[in-house]
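Ligands are counted one by one from 1 in listed order, and the atoms in each one are counted from 1 as well.
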Amino acid sequence: MAQPFPVGFRYLPGYLNREQHQSLIETVKRVVITAPFFRGKMPRTGTPLSTLGSNFGPLGWVAAKSGYRYCETHPGTDKPWPAMPPELLELWEDVAEWSDDPQACLINWYREGAKLGLHVDADEDAKDAPVVSISLGDQALYRLGGLNRKDPTRSFKLSSGDVVVLGGASRRCFHGIDRIYSGTSTLVPKGGRINLTMRVVR
Ligand SMILES: O=C(O)CCC(=O)C(=O)O
Ligand SMILES: [Mn+2]
């Protein structure tokens, strides 16, 4: 039997309709012209991540050999990140159940073969604020565990337009992306999956 979802975790399949998630992909396309996708690196080893990243909002999450950090500018262009799109702020207000707005929205682009190991989102000082994430494009296999790395996990598929909230007691649960089902959507130009992850940082 599948593990039950931890308290505070919400999985909202099909939260965005096709028009809404198509329009978000258009927004990402526009934004990455000025804040191009870049490949982050694992701290210490410098191993390149299998995802490409960019950000919206006053702060952006960057993975570098020197460590994970939030910064105000794009590491390639040294320009501030593009503003958080109003439709993302509206979605946050509708689902986050939190009074502060998110300061960062990480844009992850998973092309064929990309994955994200089991981890906790732990680089934020606002440790209780929820994390809200939106799936766009190809389907992905999401793995959700508990508060300890060795806790049992459950896996389920995320599709374009699905929203996931790591809130309340689930905020520090381990999670990751085991695989992308390449070619299950044609929405993302050049293919793949885009995930938008909104966080309150400070
Ligand atoms: O791609 C996803 O659905 C999850 C992304 C994530 O957990 C992260 O960027 O920290
Ligand atoms: Mn995460």
Side-chain angles (χ1 to χ4, degrees), residues 5-6 8-16 21 24-25 28 37-43 48-57 59-64 67-71 81 88 91-92 95-96 102-124 126-147 149 151 153-168 170-182 184-185 187-188 191-201:
F5 283 136
F9 181 86
R10 280 180 290 146
Y11 165 44
L12 309 171
Y15 187 84
L16 298 178
H21 53 111
L24 267 179
I25 291 172
V28 172
F37 280 113
F38 59 94
R39 194 175 293 281
K41 294 193 174 96
M42 293 290 286
L49 302 187
S50 64
T51 53
L52 292 166
S54 188
N55 290 275
F56 295 117
L59 293 172
W61 186 85
V62 171
Y68 298 134
R69 64 176 184 275
Y70 280 96
C71 50
W81 303 103
L88 285 182
L91 188 145
W92 174 272
V95 304
Q103 289 147 336
C105 178
L106 171 63
I107 311 169
N108 278 315
W109 183 17
Y110 299 77
R111 303 197 69 183
E112 191 168 2
K115 47 179 86 169
L116 184 63
L118 209 60
H119 68 280
V120 174
D121 290 9
D123 300 315
E124 300 74 35
K127 299 200 185 308
D128 299 325
V131 173
V132 173
S133 92
I134 304 156
S135 293
L136 302 167
D138 279 345
Q139 290 181 318
L141 189 63
Y142 186 89
R143 182 189 290 271
L144 176 68
L147 296 174
R149 186 174 279 283
D151 287 345
T153 63
R154 62 174 290 174
S155 299
F156 53 98
K157 264 189 193 177
L158 290 178
S159 300
S160 200
D162 292 356
V163 170
V164 157
V165 184
L166 284 158
S170 76
R171 171 64 179 80
R172 302 218 141 214
C173 282
F174 278 84
H175 59 282
I177 296 290
D178 285 347
R179 64 166 293 198
I180 300 298
Y181 298 92
S182 197
T184 47
S185 163
L187 288 176
V188 173
R193 169 178 187 259
I194 287 176
N195 173 261
L196 305 176
T197 285
M198 286 183 276
R199 305 186 184 111
V200 180
V201 180

Asks: Report the C-alpha separation of Val132 and Leu88 in whole Å, then their side-chain angles, then the decisive distance to 0.1 Å, and conclude whether the side-chain contact (heavy atoms from CB on, under 4.5 Å) test is met.
Replies: CA-CA 10 Å; Val132 173; Leu88 285 182; over 6 Å; no
Asks: Among Leu158, Leu24, Val95, find the one that has a side-chain contact (heavy atoms from CB on, under 4.5 Å) with Ile134.
Replies: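 The option that passes is Leu24.
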Asks: Quick one: does Thr184's side chain have a donor or acceptor within less than 3.5 Å of a partner on Gln139's backbone?
Replies: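 Checked: pair present.
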Asks: Is there a side-chain contact (heavy atoms from CB on, under 4.5 Å) between Val28 and Phe37? Walk through the geometry before answering.
Replies: CA-CA 10 Å; Val28 172; Phe37 280 113; 4.2 Å; yes
Asks: Using a 4.0 Å cut-off to any heavy atom of His175, which atoms of ligand 1 qualify?
Replies: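 This gives 7 (O) as the contact atoms.
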Asks: Can you tell me which residue pairs pass the salt bridge (Lys or Arg N to Asp or Glu O under 4.0 Å) test with a partner in residues 156-166, sequence neighbours excluded?
Replies: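 Every pair satisfying salt bridge (Lys or Arg N to Asp or Glu O under 4.0 Å) with a residue in residues 156-166: there are none.
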Asks: Has Arg154 got its NZ or CZ under 6.0 Å from the middle of the six-membered ring of Phe5, at an angle within 45 degrees of the ring axis?
Replies: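 Yes.
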Asks: So is there a nitrogen or oxygen of His119 less than 3.5 Å from a nitrogen or oxygen in ligand 1?
Replies: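 Yes; at least one N/O pair falls below 3.5 Å.
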Asks: So, applying side-chain contact (heavy atoms from CB on, under 4.5 Å) with Leu196, which one of Val163, Asn55, Leu136, Leu91 is it?
Replies: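 The single option meeting the side-chain contact (heavy atoms from CB on, under 4.5 Å) with Leu196 is Leu136.
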Asks: Once you restrict to heavy atoms under 4.0 Å, what part of Arg199 touches ligand 1? Side chain, backbone, both or neither.
Replies: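 For Arg199, only side-chain atoms sit under 4.0 Å from ligand 1.
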Asks: When you look for heavy atoms under 4.0 Å from ligand 1, do you find them on the side chain of Leu116, its backbone, both, or neither?
Replies: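 Looking at Leu116 and ligand 1, just side chain atoms fall under 4.0 Å.
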Asks: Under 4.0 Å from a heavy atom of Leu106: which atoms of ligand 1 are those, numbered in the order shown and with their elements?
Replies: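 Answer, ordered by atom number: 9 (O).
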Asks: Could you label the plane-to-plane angle of the Phe156 and Phe9 rings as parallel, tilted or perpendicular, counting under 30° as parallel and over 60° as perpendicular?
Replies: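 Answer is perpendicular, since the angle exceeds 60°.
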Asks: Please work out whether any backbone atom (N, CA, C, O) or any side-chain heavy atom from C-beta onward of Asn108 is under 4.0 Å from ligand 1, and answer side chain, backbone, both or neither.
Replies: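 It is the side chain that gets close, since no backbone atom is under 4.0 Å.
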Asks: Check salt bridge (charged side-chain N to carboxylate O under 4.0 Å, His left out) between Asp121 and all other residues, then give those that pass, not counting sequence neighbours.
Replies: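 So Asp121 forms a salt bridge (charged side-chain N to carboxylate O under 4.0 Å, His left out) with Arg199.
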Asks: Touching ligand 1 at all, Trp61? Heavy atoms, strictly under 4.0 Å?
Replies: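 Not so, Trp61 does not reach ligand 1.
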Asks: Output the list of atoms in ligand 1 that are nearer than 4.0 Å to some heavy atom of Asp121, sorted by atom number.
Replies: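 Within the 4.0 Å cut-off of Asp121, ligand 1 contributes 10 (O).
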Asks: Are Tyr181 and Glu112 close enough that some pair of their side-chain heavy atoms sits under 4.5 Å apart?
Replies: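 No - every pair of side-chain heavy atoms lies 4.5 Å or more apart.
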Asks: For ligand 1, find out whether one of its N or O atoms is nearer than 3.5 Å to an N or O atom of Ser133.
Replies: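 No: no nitrogen or oxygen of Ser133 is under 3.5 Å from one in ligand 1.
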Asks: Shortest non-hydrogen contact from Arg171 to Pro130?
Replies: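 Looking at all heavy atoms of both residues, the shortest contact is CD-CA, 4.2 Å.
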Asks: Which residues pass the side chain to side chain contact (heavy atoms under 4.5 Å, CB included) test with Arg143, not counting sequence neighbours?
Replies: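 For Arg143, the residues satisfying side chain to side chain contact (heavy atoms under 4.5 Å, CB included) (neighbours in sequence not counted) are Leu118, Thr153, Ser155, Asp178.
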Asks: Among all protein heavy atoms, pick out the one at the shortest distance from atom 3 (O) of ligand 1; state its residue, atom name and that distance to 0.1 Å.
Replies: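 Scanning the protein heavy atoms, the shortest distance from atom 3 (O) of ligand 1 goes to Arg193 NH2, 2.8 Å.
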Asks: Tyr110 heavy atoms, cut-off 4.0 Å: which ligand 1 atoms fall inside?
Replies: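 Those qualifying, in numeric order: 1 (O), 2 (C), 4 (C), 5 (C).
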Asks: Return a yes/no value for Ser135: is any of its N or O atoms, backbone included, closer than 3.5 angstrom to an N or O of ligand 1?
Replies: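 In fact, backbone or side chain, Ser135 has no N or O that close.
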Asks: Near the Mn ion (ligand 2), which protein N/O/S atoms are found at less than 2.8 Å?
Replies: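 Result, waters dropped: His119 NE2, Asp121 OD1, His175 NE2.
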